[in-house]
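Report on one structure; see the data block that follows.
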Amino acid sequence: MKKIVLFASGNGSNVENIIQYFKSDPLIAVAGVFSNNPSAKVIEKAKKHNIPTVTFNKQELTNGFVENRIDAIKPALIVLAGFLLKFPEQIIEKYPNKIINIHPALLPKYGGKGMYGMNVHHAVLENKEQETGITIHYVDENYDEGGIIFQKSVNIEESKTAEEIAKKIHLLEQEYFPQIIEKILTS
């Protein structure tokens, strides 16, 4: 059984989608959901599916608390799905090419510190881009600079608001993120 741990800071729609996708998979299982936000909706969603949760603060992310909890699970893959804190280098070094993230733009465009969620969609709209998309990439010590695993673009010429762009990106995330996780774990 290959185990996945998921990290999220907010609503957890991608987390719930990934949990549902692997719910009846005999070879891959979501073994834990980690969040730096104890009031995040992702915690409720994980508990609804009987997935163990770990909440932590910024200090616990870097002082060994989170690392010890990850080590206890022995995951085949660590998935950042809307996790907003910088991932600690000591965990990245311990799990090389075993930590992935999804970004709501076509990297290297619109990446880096502060570029997440609606911030990205507003920037894409302001720059009058014709297309945007998602990037699934490995996590390294810099925001959004790890090796690209997968990208999928979508035309946004008709989109008038950042919210319209966000809806298109959300559909891409829901369709492709679980598939790419599965591909990584089975190839």
Side-chain angles (χ1 to χ4, degrees), residues 2-15 18 28 30-38 40 42-43 46 52-124 127 132-153 169 172-173 176-187:
K2 291 186 176 178
K3 297 177 190 171
I4 306 167
V5 294
L6 302 169
F7 278 74
S9 298
N11 192 27
S13 57
N14 274 319
V15 166
I18 292 164
I28 299 169
V30 175
V33 172
F34 288 63
S35 183
N36 60 303
N37 180 355
V42 70
I43 302 295
T53 61
V54 177
T55 55
F56 56 90
N57 60 37
K58 214 169 183 175
Q59 182 185 357
E60 289 170 325
L61 180 60
T62 57
N63 72 6
F65 174 84
V66 169
E67 185 177 347
N68 291 337
R69 297 299 185 286
I70 293 170
D71 293 347
I73 295 170
K74 298 178 181 59
L77 196 64
I78 298 168
V79 177
L80 311 186
F83 184 65
L84 301 182
L85 298 180
K86 195 165 193 307
F87 217 67
E89 280 188 49
Q90 74 265 21
I91 300 176
I92 294 168
E93 287 169 10
K94 190 181 247 185
Y95 292 91
N97 295 322
K98 299 272 187 240
I99 307 171
I100 65 169
N101 182 43
I102 190 163
H103 187 76
L106 298 170
L107 292 174
K109 286 183 167 183
Y110 306 106
K113 187 172 174 60
M115 293 305 281
Y116 59 88
M118 292 307 289
N119 296 353
V120 172
H121 307 315
H122 284 294
V124 166
N127 287 313
T132 188
I134 59 169
T135 302
I136 299 168
H137 64 93
Y138 289 107
V139 173
D140 67 10
E141 64 280 356
N142 300 311
Y143 282 111
D144 304 323
E145 291 184 15
I148 292 173
I149 301 164
F150 175 85
Q151 289 187 309
K152 184 71 177 175
S153 63
I169 294 301
L172 292 179
E173 290 173 342
Y176 292 103
F177 204 14
Q179 291 178 27
I180 298 303
I181 291 167
E182 184 175 42
K183 191 178 268 183
I184 290 167
L185 290 172
T186 58
S187 57

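These figures come from a predicted structure and were not determined experimentally.
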For residues 62-75, pull every pair meeting side-chain hydrogen bond (donor to acceptor under 3.5 Å, both in side chains), keeping only residues two or more places apart or in separate chains.
E67-K94, D71-K94, D71-Y95
Find out whether P75 and K98 are in side-chain contact, i.e. whether some heavy atom of one side chain is under 4.5 Å from a heavy atom of the other.
no
Testing the basics here: between V120 and P104, what is the closest heavy-atom pair and its distance to 0.1 Å?
CG1-O, 3.4 Å
Looking only at atom types and distance, does a side-chain atom of E60 sit under 3.5 Å from a main-chain N or O of N57, one as donor and one as acceptor?
yes
Calculate, to the nearest 0.5 Å, the distance between atoms CG and CD1 belonging to L185 and I28 respectively.
4.5 Å
What's the separation between atom NE2 in H137 and atom CD in E145, rounded to the nearest 0.5 Å?
9.5 Å
To the nearest 0.5 Å, how far apart are CD1 in I102 and CD in E173?
4.5 Å
Rounded distance (nearest 0.5 Å) linking atom CG of D140 with atom CD of E89:
9.0 Å
Closest non-hydrogen atom pair between S187 and K183, with its separation:
OG-O, 2.7 Å
d(I149 CD1, I100 CD1) to nearest 0.5 Å is 5.0 Å
F87 vs I78 side-chain heavy atoms within contact, under 4.5 Å:
yes
Closest heavy-atom pair, L85 versus Y143, reported as atoms and distance to 0.1 Å, is C-OH, 4.4 Å
With sequence neighbours left out, write down each residue that passes ring pair (Phe, Tyr, Trp, His ring centres under 6.0 Å) with Y176, or none if nothing qualifies.
F150
Near K109 NZ, under 6.0 Å, is it more than 12 heavy atoms from other residues, nucleotides or ligands?
no
Is there side-chain contact between K2 and L77, with heavy atoms separated by less than 4.5 Å?
no
Considering only heavy atoms from C-beta outward, does the side chain of S153 approach that of L106 to under 4.5 Å?
yes
Heavy-atom closest pair (T55 atom, P38 atom, distance to 0.1 Å) is CG2-CA, 4.0 Å
For residues L107 and H103, report the shortest heavy-atom separation together with the two atoms involved.
CD2-CD2, 3.4 Å
Which pairs would a plain distance check flag for residues 4-12, meaning a side-chain donor or acceptor within less than 3.5 Å of a matching protein atom at least two apart in sequence or in another chain?
{"unit_1": "S9", "atom_1": "OG", "unit_2": "N36", "atom_2": "OD1", "d": "2.7"}
{"unit_1": "S9", "atom_1": "OG", "unit_2": "L84", "atom_2": "N", "d": "3.0"}
{"unit_1": "N11", "atom_1": "OD1", "unit_2": "K45", "atom_2": "NZ", "d": "3.2"}

pair F83-L61: side-chain heavy atoms closer than 4.5 Å
yes
Just wondering, do I70 and F34 contact through their side chains at under 4.5 Å, heavy atoms?
yes
Go through it in stages, so that I can follow the logic: the residues are D144 and T135, the test is side-chain contact (heavy atoms from CB on, under 4.5 Å), and I'd like the CA-CA distance, side-chain angles, deciding distance and then a yes or no.
CA-CA 9 Å; D144 304 323; T135 302; over 6 Å; no
side-chain hydrogen bond (donor to acceptor under 3.5 Å, both in side chains) test vs Y110 passes for just one of T132, N127, N119, namely N127
Any non-hydrogen side-chain atom of V54 less than 4.5 Å from a side-chain atom of V66?
no
